[in-house]
Amino acid sequence: MHFDGFKDIVNVDLSGVVIQQMIDKTQSLNGLSWQVMDARYMELDDESFDAVLDKGMIDTLLSGDNSVESANKFCSHVARILKPGGIYMCLSSGIPNERMTMLSNQDYSWEVHYFPVPKPVISEVEPKFNPTEEPTSCYWLYTCKTGGDDEEG
């Protein structure tokens, strides 16, 4: 993202080891912030982010203890830190009938859409990509947009 022009990027992870590795790896890049933080209890200002990207966080939270409660805490914080018109993008292996119930929660006031994303080819055999009949044949990108005063309406 940094090399595509995004210059104010906040990254969080629960692991201090991971955060330090990323600080060391990206120290020559301006505009990246690395913070040790539990995504279920983000200490970030309200309405301070245009976008939040999630690659597997929901999946991780839903596989642990108190899974639904943990995922709901995370989503509540995401909704809180997004600016009006902001977008939460979630790349998940969870199929729509498993994720839409949570993401469509009225408490978040999101307009939610989802799109199939082909899984990368890691062998010479082309994987099936049939999201309609086999929803686990792909990943799913969920876009959750907050209401508000964005320029595009």
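When a residue number appears, it is its place in the shown sequence, counting from 1.
Remark: E69 engages N66, K73 in a side-chain contact (heavy atoms from CB on, under 4.5 Å) (not counting sequence neighbours). When the side-chain hydrogen bond (donor to acceptor under 3.5 Å, both in side chains) test is applied to H2, no partner is found at least two apart in sequence or on another chain. Scanning for ring pair (Phe, Tyr, Trp, His ring centres under 6.0 Å) contacts around Y139 gives an empty result, with sequence neighbours left out. Residues satisfying the side-chain hydrogen bond (donor to acceptor under 3.5 Å, both in side chains) test with S28, not counting sequence neighbours, are none. With sequence neighbours excluded, the residues that form a side-chain contact (heavy atoms from CB on, under 4.5 Å) with Q20 are I23, D24. Considering only residues two or more places apart in sequence or on other chains, Y88 meets the side-chain hydrogen bond (donor to acceptor under 3.5 Å, both in side chains) condition with D54. In this structure N11 satisfies the side-chain contact (heavy atoms from CB on, under 4.5 Å) test together with I9, L32, W34, sequence neighbours excluded. In this structure, the side-chain contact (heavy atoms from CB on, under 4.5 Å) partners of D13, at least two apart in sequence or on a different chain, are S15, V18, I19.
Cluster membership check: M100 shares its hydrophobic cluster with M57, using side-chain heavy-atom separations under 4.5 Å among Ile, Leu, Val, Met, Phe, Trp and Tyr. A continuous path of hydrophobic side-chain contacts links M1 to L29 [ILVMFWY only; heavy atoms under 4.5 Å]. One hydrophobic cluster, built from ILVMFWY side chains closer than 4.5 Å, holds both F6 and M22. Cluster membership for F3 and V10, using ILVMFWY side-chain heavy atoms within less than 4.5 angstrom, is not shared.
The only option from D8, I81, V78 that meets the side chain to side chain contact (heavy atoms under 4.5 Å, CB included) definition with F49 turns out to be I81.
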Donor-acceptor contacts, no H, no angles, side chain residues 90-98, under 3.5 Å, sequence neighbours left out:
residue	atom	partner	partner atom	Å
S92	OG	D59	OD1	2.6
S92	OG	D59	OD2	3.4
S92	OG	G94	N	2.7
S92	OG	R99	NE	3.2
S93	OG	D59	OD2	3.2

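Panel note: side chain S76, backbone N72; a donor-acceptor pair is recorded below 3.5 Å. Side-chain atoms of K145 do not come within 3.5 Å of backbone N or O of H113 as any donor-acceptor pair. Within the 3.5 Å criterion, the main-chain N or O of A79 finds no donor-acceptor partner in the side chain of W110.
Between K55 and L53 the shortest side-chain heavy-atom distance does not fall below 4.5 Å.
For E43 against M37, the heavy-atom pair with the smallest separation is N-SD, 3.4 Å. Closest approach of C138 and V117 over heavy atoms only: CB-O, 3.2 Å. Scanning both residues, A39 and H77, for their nearest heavy atoms gives O-CB, 4.3 Å.
Counting only residues at least two apart or in different chains, salt bridge (Lys or Arg N to Asp or Glu O under 4.0 Å) contacts with residues 80-93 comprise D46-R80, D50-K83.
Counting heavy-atom neighbours within 6.0 Å of Y108 OH, excluding the residue itself, gives a total above 12.
A distance of 10.0 Å separates CD1 of I58 from OG of S70, quoted to the nearest 0.5 Å. Atom CD1 in I87 sits 14.5 Å away from atom OH in Y142 (nearest 0.5 Å). Rounding to the nearest 0.5 Å gives a distance of 9.0 Å between CG of L61 and OG of S67.
Cluster partners of F115: none. The rule joins Ile, Leu, Val, Met, Phe, Trp and Tyr whenever side-chain heavy atoms lie under 4.5 Å apart, and it links nothing here. Grouped with V17 in a hydrophobic cluster is no other residue, since no side-chain heavy-atom contact under 4.5 Å to another Ile, Leu, Val, Met, Phe, Trp or Tyr is found.
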